[in-house]
Amino acid sequence: MKPSLSGLFLLLCAATPVQAGERYFVLQSTTSVQNSGLLEHILPLFTAQTGIQVRVVAVGTGQALYHARNGDGDAVLVHDPEAERAFVREGFGVLRCEVARNDFVLVGPRNDPAGIRGLDDVVDAFRRIAHSRALFVSRGDDSGTHRREQALWRQAGIELGVADTSWYRQVGSGMTATLTIAANLSAYTLTDRASFLAFSHRRELEELVRGDPRLENLYAIALVNPERHPRVRFAEARSFRDWLVSPEGQAAIAAFRLGDERAFTPAARCDADTGSRR
Amino acid sequence: MDELTTAFVGAAALILGADPALLEIVALSLLVSLSAVTIAALLGLPLGAVLAALRFPGRRVMIVAVNALMGLPPVVVGLFIYLLLSNSGPLGALGLLYTPSAMVIAQTVLVMPIVVALAHELLSSLHEEYDELFRSLGLRPAAVLATLLWEGRFGLVTVLLAGFGRAIAEVGAVMIVGGNIAHLTRVMTTAIALETAKGEIAQALALGLVLLVLAFTVNLLVALFRQAAMRLAYG
Amino acid sequence: MALGQPILPLEVRDLMVEIGGRRVLDRVSLTIAGQGTTVVLGPNGAGKSVLLRTLHGLVKPVAGEMRWNGRPFGPDVLSRQALVFQRPLLLRRSVVGNLVFALRPRGLARGERQRRLAAILARFALEALADRPARGLSGGEQQRVALARALVLEPELLLLDEPTASLDPAATLVIEDLLRRTAAEGTHLLLVTHDVAQARRLADRVIFLHGGRVLEEAPASVFFTRPATREAFLCLAGELPT
């Protein structure tokens, strides 16, 4: 009835495939680059060129940076410049490069109860939503998008108290789930463009405010500092970073489309202060 | 309704088409969960027997604790194992995080309380029945434990099935310690979570149906095996 | 080691047993010696089963003394006893598997084990059933296996706790016949029963237990013809015609 101990040993070994000589690294990424399909599009190109496998752990930006601080993962691909700079400044990360950009979009129901359609000042739009107490759905998960939304509330001078649940709902979910909830509640929400393009019920929500520079969404890669975590796969992670900012990598990003729209704009720019290391 | 139909059609296509990506995920799901149940069985069944047959200080507390741990949320187990296996954690040097081994460990921790608690429950009633016989024959404690496990073997199979059900169905723990890495740590449940996050509800449901078929098949095979074995043992 | 030394005669003096704060045996004194069948007779609740279990070490007395051929109770005494329960308590394995199970703690040499198994199967006419699953047998057959499991240990003293209480008359007669032969071959039987007719059929000596006390201890011929106490007289009078 009980399998022998050697059988158990076999099981354990089988559960840990050890491909001898396989080169790989672990990328802690934000969910939007995975869920939109960008990584699925560009990673095979990178692997074909370098032979390096990329093991993607897709979580929110906050969680990705937390994992990276613990040395779990070799690089991060996230979208919160302020947090990324802190990550580098505190010595956890090195060699940060911006690699792509798109924008956040303020979307909402077609009847637009707060009357924000066509505004080019997103902070003004946020203020109007708060004052009209129109329903707003927030990610509420410490993701890059959530952090940006909170920054915008702060700039609008809106204090979100505990009593505001009558119109402000934190759902603690990923972008697609949040969009689904917003569509079902006829609520406003802030989304990154790629997730919105990939959202299948897009017709129930409308893009209402765009083009404000404060809605810029920058994706950047940073490597985990090998001096802090000696076991990281620094060389593999670095080749990926170098490839992403190279003409081939940038072209791969530019070629990725959702429907007939380009979801990410290539944007290679490496921070000067860490570029010289190694 | 539209998505439900799509899901059933999609599930049928996935199963009948023997989609290689699906097979890979199914194989890993089975490997991880069966490994976890095997380890939980090797450790948990004897522990259940010890709690059923032996009397020692702290036994009552252990039984209460094990019963309480049955309700442990998988996410909590995942976080706990993550902190252990993290490169900044005490076992980081093993390099197990984001590997199937980490998933096996997490599921073992999840399944173990179920195996111990249910085995204890089952073997306690057996022990009550046979206690005087064992003492009359002068059995040593080790022999008592082995006999209880063997006498309870048919019921214990059901215990292990309950553990397998919990393992194969949970998503929170394997998501955190496995990372849902494609071709490496992606199992049925984390794939379902990913498809849901991508908004591919029909695909997620289709995978859910495949998972159901999988669990059903495992249970059916075990039931048939058990029936045959019982016929041999009881005549 | 006193292993291998006889455990009879047994002398019990002022044995007291309490279960859940209730006195179940009260200053029980008795002697068991020589060969033959001693029947512990008494109404339900007299403490018969508890007495048997105490002699077998399954129940600890709170006071009193048991001297087994001069020695206190211990593993060596237990190893020269065997107990047959009211229910067969067979394990989920074959008939011969159940017998092997009983022998294993004795750590016998393989040859000796085979000899005993073959002998007991033949004596109990169990050869045809040897490989059958024990729990699939009839009640009478199961109790026959339980008796064989006790006797394969070759005990000096065989304790029996109402072994035929749940059997039909035919199966009861088969078991009684086997018991008679066992006693004739030199094993002392200590049989607990509330069945007066069975006691008449099997007893050489009778210990009459009532309310946790030994009221009479006498040869069967004396006890059944001239009971000394009113309680024993009533017990015998209440016997159904056989």
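Worth saying up front: this structure is predicted, and the values here are computed from it rather than measured. So that the names make sense, note that chain A is the first sequence line, chain B the second, and so on, each numbered from 1.
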Minimum side-chain heavy-atom gap B/L194-A/N35 below 4.5 Å: yes

Non-hydrogen atoms of chain A under 4.5 Å away: do they reach the side chain of B/L83, the backbone, both or neither? side chain

In terms of heavy-atom pairs under 4.5 Å with chain B, the winner among A/H67, A/Q53, A/M175 is A/H67

I'd like to know if the side chain of A/D72 and the backbone of B/N87 have a donor-acceptor N/O pair within less than 3.5 Å. yes

Exceeds 12 heavy-atom contacts within 6.0 angstrom, atom CD of B/E121: no

Identify which part of A/V56 has an atom lying under 4.5 Å from any heavy atom of chain B, answering side chain, backbone, both or neither. backbone

Shortest non-hydrogen contact from A/R69 toward B/S88: O-OG, 4.3 Å

Straight-line distance of B/N180 CG to A/Q34 CD, nearest 0.5 Å: 6.5 Å

Hey, which of B/G95, B/G178, B/A93 has the most heavy atom pairs under 4.5 Å with chain A? B/A93

Check whether A/E40 gets within reach of chain B through its side chain, its backbone, both or neither, counting any heavy atom under 4.5 Å. side chain

So which part of B/A102 gets closer than 4.5 Å to some heavy atom of chain A, the side chain, the backbone, both or neither? neither

Within a strict 4.5 Å, meaning less than it, do heavy atoms of the B/L184 and A/Y24 side chains meet? no

Gap between atom CG of A/N70 and atom CG of B/L97 - 0.5 Å precision: 9.5 Å

